[in-house]
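What follows is a set of notes on a single structure, which appears directly below.
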Amino acid sequence: GVFHSVGVHDRRVARVVKACQDLPGQELFQYLDEMGKRHSVDSADVNEYLREVSGADFTAKDFRTWAGTMLAARALQECDVCKSNAKAKSNIVRAIEAVADRLGNTRAVCRKCYVHPAVIDAYLDGSLADAAKHHSRRKRGRKQRGLSSDEVVVLALLKQRLKLPARKR
């Protein structure tokens, strides 16, 4: 129920999207088979494809959650270190608003479903900034296994947080 306006900057992709939009019907993602019969592509089709190509139990929501978590982490890393809880909470609200705007969801849905809570906790206790500094010194911002340096930082942070006993998380 949320309207999305998405820009496409690659002419080849724009042509494919335009061809999909020109097909009759309501769904954007659809195709015509060899016989000219229209087929829609739904979330089950996408998730089946992701499982097939990854060899793991991934869904589109996993990718969306990673994107939301990364957007929040980047937004929070751009914030100054806060001396008050009120300012820190204000920064978190702004970061979640940026994620919600990008993902086309409400703030509540983004915070609950698409931003890993460990990123928020790490921002509040200062370990998000520490992890980024530590990584840039240690790895010189190097990419690792197809991940950006920001993704390497967040992944390491999440792995570290998952090792902590529940009472320290």
Side-chain angles (χ1 to χ4, degrees), residues 1-14 17 28-29 43 46-47 49-51 53-169:
V2 177
F3 177 76
H4 295 274
S5 176
V6 180
V8 178
H9 305 288
D10 184 320
R11 287 178 188 247
R12 293 170 297 183
V13 174
V17 170
L28 171 60
F29 295 108
S43 60
V46 172
N47 291 335
Y49 170 78
L50 291 172
R51 287 183 186 107
V53 298
S54 70
D57 191 23
F58 289 117
T59 66
K61 186 177 186 301
D62 294 312
F63 286 91
R64 191 169 174 82
T65 301
W66 182 248
T69 297
M70 288 307 307
L71 290 166
R74 287 181 184 130
L76 291 169
Q77 286 174 347
E78 292 173 5
C79 296
D80 294 330
V81 176
C82 298
K83 300 195 187 323
S84 75
N85 279 344
K87 182 62 177 165
K89 288 180 181 186
S90 171
N91 287 344
I92 291 168
V93 168
R94 283 188 300 142
I96 297 297
E97 283 175 348
V99 173
D101 184 54
R102 184 72 191 265
L103 295 183
N105 281 103
T106 64
R107 287 189 315 218
V109 168
C110 283
R111 173 99 185 231
K112 182 179 178 188
C113 301
Y114 296 117
V115 176
H116 197 291
V119 170
I120 304 293
D121 294 343
Y123 170 72
L124 289 171
D125 69 19
S127 59
L128 180 61
D130 291 344
K133 286 178 196 169
H134 177 73
H135 173 73
S136 69
R137 281 194 302 263
R138 223 180 87 218
K139 303 273 187 181
R140 303 264 183 231
R142 193 176 70 189
K143 288 186 179 182
Q144 176 183 346
R145 295 188 308 181
L147 301 176
S148 71
S149 58
D150 288 345
E151 289 174 315
V152 171
V153 168
V154 172
L155 183 60
L157 179 82
L158 293 175
K159 285 180 178 179
Q160 175 189 6
R161 292 272 170 156
L162 291 174
K163 290 180 186 176
L164 291 175
R167 71 180 190 283
K168 289 188 177 181
R169 277 193 233 150

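The chain is numbered in sequence order, starting from 1. Heavy-atom basis, side chains included; hydrogens, waters and symmetry copies ignored.
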Next item on the list: Show your reasoning for whether side-chain contact (heavy atoms from CB on, under 4.5 Å) applies to V154 and W66.
Entry: CA-CA 10 Å; V154 172; W66 182 248; 4.1 Å; yes
Of the non-hydrogen atoms in [X] and [Y], which two are nearest, and what is the gap between them?
| X | Y | answer |
| --- | --- | --- |
| D62 | T59 | OD2-N, 2.8 Å |
| A60 | L50 | N-CD1, 3.4 Å |
| A73 | L128 | O-CD2, 4.0 Å |

Note to self: Taking L103's backbone N and O only, do any of them form a donor-acceptor pair with R64's side chain (distance below 3.5 Å, no angle check)?
What the structure shows: yes
Checklist line | Under 3.5 Å: donor-acceptor pair, side chain of D57, backbone of R51 | finding: no
Item checked: Any residue meeting salt bridge (Lys or Arg N to Asp or Glu O under 4.0 Å) with R74, in chain and number order, not counting sequence neighbours -> D150
Next item on the list: Using the test salt bridge (Lys or Arg N to Asp or Glu O under 4.0 Å), find all partners of E78 that sit at least two apart in sequence or belong to another chain.
Entry: none
Note to self: Within the 4.5 Å heavy-atom criterion, are R161 and S127 side-chain neighbours or not?
What the structure shows: yes
Checklist line | Any T65 side-chain heavy atom under 4.5 Å of H116 side chain | finding: no
State the [atom1]-[atom2] distance between [X] and [Y], to the nearest 0.5 angstrom.
| X | Y | atom1 | atom2 | result |
| --- | --- | --- | --- | --- |
| L158 | E151 | CG | CD | 11.5 Å |
| C110 | L71 | SG | CG | 9.0 Å |
| K112 | T106 | NZ | OG1 | 10.0 Å |

Notebook entry, point to check: Within a radius of less than 6.0 Å around NZ of K61, do more than 12 heavy atoms belonging to other residues, nucleotides or ligands occur?
Noted result: yes
Can you give me every donor-acceptor pair (side chain of residues 88-99, partner residue at least two apart or in another chain, under 3.5 Å) with its distance?
from: N91; atom 1: OD1; to: R94; atom 2: NH2; distance (Å): 2.3
from: N91; atom 1: ND2; to: Y123; atom 2: OH; distance (Å): 2.8
from: E97; atom 1: OE2; to: R107; atom 2: NH1; distance (Å): 2.6

